[in-house]
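Have a look at the structure below, then the notes.
Nothing here was measured: the structure is a model prediction, and the numbers come from that model.
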Amino acid sequence: MDFAVEYLKLDQLRALQSERLKDLVVYLEEKSDFYKEKFDEAGISNQDIRTIEDISKLPITYKQDLRDNYPFGLFTVPKNELQRIHCSSGITGKPTVVGYTEEDVDLFSEVVARSLNAAGAKPGMQLHNAYGYGIFTGGLGLHYGAEKLGMSVLPISGGMTSRQVDLIIDFQPEVLCCSPSYALTIADEFAKRGISADEISLKYAVLGSEPWTEIIRHHIEERLGVHATNIYGLSEIIGPGVSMEDFEEKGGSYIWEDHFYPEILDPVTKEPLPYGEEGVLVITTLTKKAMPLLRYWTNDITSLYYDENAKRTMVKMKPILGRADDMLIVRGVNVYPSQIEEAFSHVKGVVPNYYLTPIEKEQMCIGLDIDLEIDDELVAEENLNINSDEYLIFAGNFGESIENEIKKRVGITTKVKIHAQDSLPKCEGGKINRILKTK
Ligand code: DLL
């Protein structure tokens, strides 16, 4: 595979994006009743689009537009030209349907292959693919991308953790991919069997499909002996492989912007925000054929930036803070679960397996209950018996120090309940939901 496009000079990249955007608008005028109507309403035509900067003249597309046109209303090719159909996970309502032509499947494989390469994977390596196979884009997306890069794939899908670990031991793959919460479950299973990180064949873990922070990266890297990197994407745009971290850089992800043009918009005014400012990520698919989307409102909160020391020229995005609809408003303070995760990571001895329960009074969220695990090693270091009164006092104080840290960093009041390690439910594969029903 040729990765040259990742290193294009910025002016060449902008020229490529401008050409692609112009072609796309002409294509949509011809093929999409949905967009043709939107262009007419806004009084614009392909003549108004000369460079990529003109993108802000184009209409924004929302998930609701996909729902209103369920299932195939936004497709721009007849059904017999499709090669594949996937759906979004449907966490926030009716699933949205996406279609791919043969060319789109190639594009999908290419951006995933690029992502695996950035994650450290090489042709000839073996991928243990624990993303779900099925209508979810994770399993097949990583599968085709790995094959394109020249890797072999074990299509194990999610679940049955003990079997996963048996096969990692027997087959010695170098690369793992799954959700970060499931990587923690796999790491727990290795620990339970007394197998240490240096005895595990894995070298790279390609993790995404849900928000995660540095504490989770730290736990996974330490316990599996891997470079853990972040892969981001969403079905409506293509699936995994919209953006990817480099395993030697980490901290933010390159957006493959020759295909997916990103903008950050203000969540309220919907005006474009400058680099560095946090807002909603909006993406235009510059090259997709079966279901191109203009300025798709992902609902994911992040910011874009250029990193002076970056290897590639493409823009980077910060880790996703959360989906706009996962935001909790606790006594007027806006909070994402990932901010709580970041805050408690500053207390030594926390295991990042946790659940948040909003407490409501008169339909207002007035606080959060947090259930959180404590590291066995800390309990052992303190020489405490888990059934003793001393342990209860210790756990109470430990919980309080976490509450203080959250108050200091996020500004909200919480009630932390400490649990022994491995006692809270774990991710059994797929995405985890850390927010429980309101009390
Ligand atoms: O989750 C695609 C995917 C599969 C990405 C495997 C990465 C790995 P959907 O089911 O459509 O597609 O869900 C998309 O998941 O809008 C984000 O809210 C969230 N998400 C995906 N990746 C990340 C990530 C897949 N790395 C939705 N960090 C997106 C944070 C993520 N959130």
Side-chain angles (χ1 to χ4, degrees), residues 1 3 6-7 108-123 125-131 137-139 141-143 145-146 148-149 151 153 168 173-187 197 200-234 238-257 260 262 281 300 302-305 307 309-312 314-321 338 341-342 345 352 427 431-432:
M1 262 195 72
F3 301 105
E6 297 173 28
Y7 303 88
F108 191 7
S109 311
E110 185 195 318
V111 290
V112 172
R114 271 191 212 175
S115 303
L116 284 163
N117 172 64
K122 300 264 172 313
M125 287 186 175
Q126 187 199 318
L127 173 67
H128 183 95
N129 188 7
Y131 277 122
T137 50
L142 264 301
H143 187 113
K148 171 117 187 156
L149 186 64
M151 303 173 72
V153 188
I168 294 174
E174 293 89 350
V175 188
L176 166 71
C177 62
C178 57
S179 62
S181 50
Y182 194 51
L184 286 173
T185 306
I186 292 179
I200 303 172
S201 64
L202 297 169
K203 293 189 172 55
Y204 306 101
V206 184
L207 312 173
S209 78
E210 63 189 16
W212 55 305
T213 64
E214 290 301 320
I215 184 178
I216 298 209
R217 186 185 333 250
H218 177 75
H219 272 252
I220 294 168
E221 291 195 331
E222 287 267 295
R223 298 170 64 212
L224 289 177
V226 291
H227 278 290
T229 45
N230 193 3
I231 184 164
Y232 166 82
L234 62 165
I238 193 104
V242 171
S243 79
M244 182 67 213
E245 266 179 340
D246 180 282
F247 76 107
E248 288 169 330
E249 294 175 6
K250 297 179 185 161
S253 301
Y254 290 104
I255 302 185
W256 304 131
E257 56 169 321
F260 313 119
L281 177 66
D300 292 324
T302 184
S303 58
L304 301 181
Y305 69 104
D307 172 356
N309 303 315
K311 293 181 197 164
R312 299 169 180 80
M314 294 196 181
V315 72
K316 283 187 173 181
M317 63 184 243
K318 289 278 176 199
I320 301 286
L321 193 60
S338 63
E341 192 175 297
E342 202 284 327
S345 72
C427 173
K431 302 181 194 239
I432 195 161

Aromatic rings Phe247 and His227: how do their planes relate, parallel, tilted or perpendicular, breaks at 30° and 60°?
perpendicular
So Lys122 and Glu174, do their side chains get closer than 4.5 Å, heavy atoms only?
no
Which atoms form the tightest heavy-atom contact between Ser243 and Ser253, and what is the distance?
OG-CB, 3.5 Å
For Ala119, does its backbone N or O pair with a side-chain atom of Tyr204 as donor and acceptor, under 3.5 Å?
no
Nearest heavy atoms of Ile255 and Phe260, plus distance in Å:
CG2-O, 3.6 Å
Distance in Å, Leu304 CG paired with Leu281 CG, rounded so as to fall on 0.5 Å steps:
6.5 Å
Can you measure from CG (Leu202) to CG (Leu224) and round to the nearest 0.5 angstrom?
6.0 Å
Mind checking whether Val242 and Trp256 have side chains closer than 4.5 Å, heavy atoms only?
no
Are Ile220 and Leu184 packed together at the side-chain level, in the sense that at least one heavy-atom pair is separated by less than 4.5 angstrom?
yes
What distance separates Asn230 CG from Ile320 CD1, expressed to the nearest 0.5 Å?
8.0 Å
Could you go through the side-chain contact (heavy atoms from CB on, under 4.5 Å) check for Cys177 and Leu127 one step at a time?
CA-CA 7 Å; Cys177 62; Leu127 173 67; 3.6 Å; yes
Report yes or no: does Thr185 contribute a side-chain atom to a donor-acceptor pair with the main-chain N or O of Cys427 at less than 3.5 Å?
yes
Cationic tip of Lys318 above Tyr305 ring, under 6.0 Å, 45° of axis
yes
Hey, what do you get for OG1 (Thr137) to CG (Leu234), rounding to the nearest 0.5 Å?
8.0 Å
Any side-chain donor near an acceptor of the partner, Ser181 and Trp212, under 3.5 Å
no
Between Ile216 and Pro180 the two heavy atoms that sit nearest each other are CG2-CB, 4.0 Å
Answer with yes or no whether the side chains of Tyr254 and Glu249 bring together a donor and an acceptor at under 3.5 Å.
yes
Under 4.5 Å between any side-chain heavy atoms of Met244 and Lys316, yes or no?
no
With a 4.5 Å limit on heavy-atom distance, are the side chains of Leu207 and Tyr182 in contact?
no
If every non-hydrogen atom of Gly241 is compared with every non-hydrogen atom of Val112, which pair is closest and at what distance?
CA-CG2, 4.4 Å
Establish, from distance only, whether the side-chain atoms of Glu341 and Thr213 form a donor-acceptor pair under 3.5 Å.
yes
From OG (Ser109) to NE2 (His143), nearest 0.5 Å:
10.0 Å
Going through the checks in order, is the side-chain contact (heavy atoms from CB on, under 4.5 Å) test met by Lys203 and Val226?
CA-CA 4 Å; Lys203 293 189 172 55; Val226 291; 5.6 Å; no
Please step through salt bridge (charged side-chain N to carboxylate O under 4.0 Å, His left out) for the pair Glu222 and Arg217, ending with a clear verdict.
CA-CA 8 Å; Glu222 287 267 295; Arg217 186 185 333 250; over 6 Å; no
Is there a donor-acceptor pair under 3.5 Å between the side chain of Ser338 and the backbone N or O of Leu321?
yes
Quick one: does Cys178's side chain get under 4.5 Å of Leu176's, heavy atoms only?
yes
Heavy-atom side-chain proximity of Leu142 to Pro240 below 4.5 angstrom
yes
Indicate yes or no for a side-chain donor-acceptor contact from Glu6 to the backbone of Met314 under 3.5 Å, with no hydrogens or angles considered.
no
Does Asn129 use its side chain to pair, donor to acceptor, with the backbone of Gly139 at less than 3.5 Å?
yes
Heavy-atom closest pair (Tyr131 atom, Ser209 atom, distance to 0.1 Å) is CE2-OG, 4.1 Å
Would you call Gln126 and Val175 a side-chain contact if the rule is heavy atoms closer than 4.5 Å?
no
Of all heavy-atom pairs linking Thr302 and Pro319, the shortest is OG1-O, 3.9 Å
May I ask you to say whether Arg312 pairs ionically with Glu257, meaning some side-chain N is under 4.0 Å from a carboxylate O?
no
dist Glu110:CD -> Lys148:NZ (nearest 0.5 Å) comes out at 6.0 Å
